[in-house]
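Reading through the structure tokens given below for one structure.
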Amino acid sequence: MSNRYIPHTPEDIRAMLDKIGVEKVDDLFADIPAEVIFKDEYDIPSAMSEIELRRHFRDLASKTRRLTVFGGNGVYDHYTPSVIPHLLERSEFYTSYTPYQPEISQGTLQYIFEYQSMISELTGMECTNASMYDGATATAEAAFMMVASAKKKNRVLMSATLHAHVQKVVKTYLGFHGVDLTVIPEKDGVTDLDAMKGELEKGDVAGAIFASPNRYGIIEDYTGVAETLHASKALMCINADPSTLAVLRTPAEWDADIACGDGQSLGMPMQFGGPYLGYLSCRQSLIRKMPGRVVGATTDASGKRCFVLTLQAREQHIRREKATSNICSNQSLMALYATIYLALMGEKGLIEVNEMSVAGAHYLHDRLIESGKFTDVYDKPFLKEFVVKTDLDIEAVNKKLLENGIMGGISLGDGRVMFAVTEQRTKEEIDRLITLMLEA
């Protein structure tokens, strides 16, 4: 075999070429102009033995420092149960492809169905799709759903208290699809609901998107917001951190129509920015506007329970330009990750994660205020993330922390710093952070 990654033998290739009447493989590319074909040697390293390759990757790994993380801003250092990588790295999960043939894809379809069920339980919503690429694109897809569900309304409102990166992605998506977007300003760290009401009076709003907790870690109060939106025949969407839904009011409890967000907080390592997982849930009445895949449970010819892809008439490969979205893929491997994590943690475990996080975050917050070097920016309730203000040189402070193996708070400008504390952080680590910051 000439190449271990290509299963065809030279005899197989010869037989195929003879069948189609071509002398050699290069003849298949004869239409490509010779001047655009690269003829030099590829600048790639030479092959390594197994020992050399292991040594090479060990050297690369040694350059990566493992830090004690006190930064958040949408990505959080939650604990990863050790069993998850062992299950996730099984070949049937790593090599599985789109489960279009249910006869041979029952395992994949089942874990996606379980994922959908778990996210629906977390959010309180009736339906969940098979997952999206990440939380930002899931939010953009939620905006499309609201416009597709509205009658002759082409404008979406988005709170300024959503994560800045999410806002940018939504603006990009909607801008290239001809959907009008208006950002609702923030007031004292939360959504300016009076400004929202003013926009609704214009009569062209399909829906509005909010965050829980918001970009500053604040837990916003959305009492009456859904009622106000529904009175204007507009929908409500909440971008929620799914791990916090074990203790905070769910999107369904706020009477939202759509829930979305990033699943990274469900035990996924920070891993330099991805891959992560986007989730998207909604009321049953909106399911035909929901993009992506939906796995359903049914029975086979023998009456046994089985799983299938369903409601595919919404998909771009069938409806094409009439589809709500052109998304027809999902982060299946990361959906499995979230499923295993949620199954391991259970309701009790998720509550404990949040109890430990809120205790650590409030301990750090109080110690910083007591030091006299920090003051509150927003006097609002928070769970695991908060913003304080200081006259200290944050850049110099974070440099000193980094030298000591700590990722400090994230600077928001004007002396504002945002800290996040998860169940991973110990009292000793928090005390050390404070000592080093004050010394700096």
Side-chain angles (χ1 to χ4, degrees), residues 68-72 74-90 93 107-108 110-132 134-135 138 212-213 217 219 238-253 259-271 274-281 295 330-363 382-385 420-427 429:
T68 300
V69 179
F70 285 95
V75 180
Y76 304 96
D77 187 26
H78 285 289
Y79 177 68
T80 300
S82 60
V83 68
I84 298 180
H86 292 287
L87 293 175
L88 204 69
E89 291 170 8
R90 289 179 60 90
F93 297 136
T108 300
Q110 181 173 357
Y111 79 65
I112 294 176
F113 182 84
E114 300 296 349
Y115 159 80
Q116 293 175 178
S117 302
M118 291 177 178
I119 297 298
S120 291
E121 187 171 354
L122 267 182
T123 61
M125 307 305 288
E126 295 168 311
C127 308
T128 298
N129 72 5
S131 77
M132 311 298 288
D134 54 37
S212 177
I219 302 168
I238 294 182
N239 177 306
D241 176 343
S243 73
T244 68
L245 295 178
V247 294
L248 298 182
R249 289 185 68 173
T250 66
E253 289 172 322
C260 62
D262 203 296
Q264 184 275 331
S265 63
L266 299 177
M268 296 177 194
M270 302 176 81
Q271 51 200 10
Y276 296 151
L277 168 77
Y279 76 86
L280 185 60
S281 305
V295 174
N330 74 298
Q331 282 282 38
S332 183
L333 192 67
M334 305 317 293
L336 174 61
Y337 196 116
T339 304
I340 299 172
Y341 177 83
L342 290 170
L344 286 169
M345 302 300 288
E347 181 181 356
K348 181 180 178 181
L350 284 178
I351 290 174
E352 288 182 358
V353 165
N354 283 280
E355 288 176 342
M356 295 171 69
S357 298
V358 73
H362 281 262
Y363 175 72
F382 64 89
L383 198 156
K384 63 184 176 186
E385 195 167 24
V421 181
T422 68
E423 79 283 7
Q424 294 249 71
R425 301 286 72 85
T426 65
K427 179 178 180 297
E429 289 172 337

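Side chains included, hydrogens not; waters and symmetry mates left out as well; all remaining heavy atoms used. The first residue of the sequence shown is numbered 1, and numbering continues consecutively from there.
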Would you indicate whether the side-chain heavy atoms of Pro242 and Thr123 approach each other to under 4.5 Å? no
Taking the side chain as every heavy atom from C-beta outward, state whether Glu423 and Tyr79 have any pair of such atoms under 4.5 Å apart. yes
Check the surroundings of atom CD in Glu253: do more than 12 heavy atoms from other residues, nucleotides or ligands lie under 6.0 Å from it? yes
So which heavy atom on Met334 is nearest to which on Pro275, and how close? CE-O, 3.7 Å
Are Asp77 and Thr422 linked by a side-chain donor-acceptor pair shorter than 3.5 Å? no
With rounding to the nearest 0.5 Å, note down the distance linking OG1 in Thr80 to CE in Met268. 9.5 Å
Are more than 12 heavy atoms, taken from residues, nucleotides or ligands other than Glu347, located less than 6.0 Å from that residue's CD atom? no
Is the side chain of Tyr276 donor-acceptor paired with the backbone N or O of Asp134 at a distance under 3.5 Å, no angle test? no
Determine the minimum heavy-atom distance between Met132 and Leu280, stating which atoms define it. CG-CB, 4.1 Å
Do Tyr337 side-chain atoms and Leu277 backbone N/O form a donor-acceptor pair below 3.5 Å? no
Is it the case that the ring center of Tyr111 lies less than 6.0 angstrom away from the ring center of Phe93? yes
With sequence neighbours excluded, what pairs up with Glu429 under the salt bridge (Lys or Arg N to Asp or Glu O under 4.0 Å) test? Arg425
What pair of heavy atoms forms the shortest contact from Ala335 to Ala130, and how long is it? CB-O, 4.2 Å
OG1 (Thr250) and CD (Glu121) are apart, to the nearest 0.5 Å, by 11.0 Å
May I ask you to test the Ser117-Tyr115 pair for a side-chain heavy-atom distance under 4.5 Å? no
Distance, nearest 0.5 Å, that separates CD of Glu114 from CG of Leu336: 11.0 Å
Please name the residue in the list Gln424, Glu385, Gln264 that meets the side-chain hydrogen bond (donor to acceptor under 3.5 Å, both in side chains) test with Tyr76. Glu385
So do the side chains of His78 and Val353 get within less than 4.5 Å of each other, counting heavy atoms only? yes
Measuring from Leu383:CG to Ser357:OG, what's the distance to the nearest 0.5 Å? 7.0 Å
Considering all heavy atoms of both residues, which atom of Pro81 and which atom of Leu344 are nearest to each other, and what is their separation? CB-CD1, 3.8 Å
Within the 4.5 Å heavy-atom criterion, are Leu122 and Leu350 side-chain neighbours or not? yes
Approximate separation, where rounding is to 0.5 Å, of Thr244 OG1 and Asn354 CG: 6.5 Å
Listed partners of Ser120 passing side chain to side chain donor-acceptor pair (under 3.5 Å), at least two apart: Thr128
Side chain to side chain donor-acceptor pair (under 3.5 Å) against Gln110, all qualifying residues, sequence neighbours excluded: none
Main chain of Gln331, side chain of Ser131: is a donor-acceptor contact present, judged purely on distance under 3.5 Å? yes
For residues His362 and Phe382, establish whether the separation of their ring centroids is below 6.0 Å. yes
Between Pro213 and Leu248 the two heavy atoms that sit nearest each other are CG-CD1, 4.0 Å
Do Leu333 and Leu88 have side chains that get closer than 4.5 Å, going by heavy atoms? yes
For Asp241 and Ser212, what are the C-alpha separation, side-chain angles and deciding distance, and is it a side-chain contact (heavy atoms from CB on, under 4.5 Å)? CA-CA 7 Å; Asp241 176 343; Ser212 177; over 6 Å; no
Less than 4.5 Å apart, any side-chain heavy atom of Phe70 and any of Val421? yes
When rounded to the nearest 0.5 angstrom, what distance separates OH in Tyr341 from CG in Leu266? 6.5 Å
With a 4.5 Å heavy-atom cut-off, do Asn129 and Asn330 have their side chains touching? no
Please determine whether the number of non-hydrogen atoms from other residues, nucleotides or ligands lying under 6.0 Å from atom CE of Met356 exceeds 12. no
Walk me through whether Ser243 and Met345 qualify under side-chain contact (heavy atoms from CB on, under 4.5 Å). CA-CA 11 Å; Ser243 73; Met345 302 300 288; over 6 Å; no
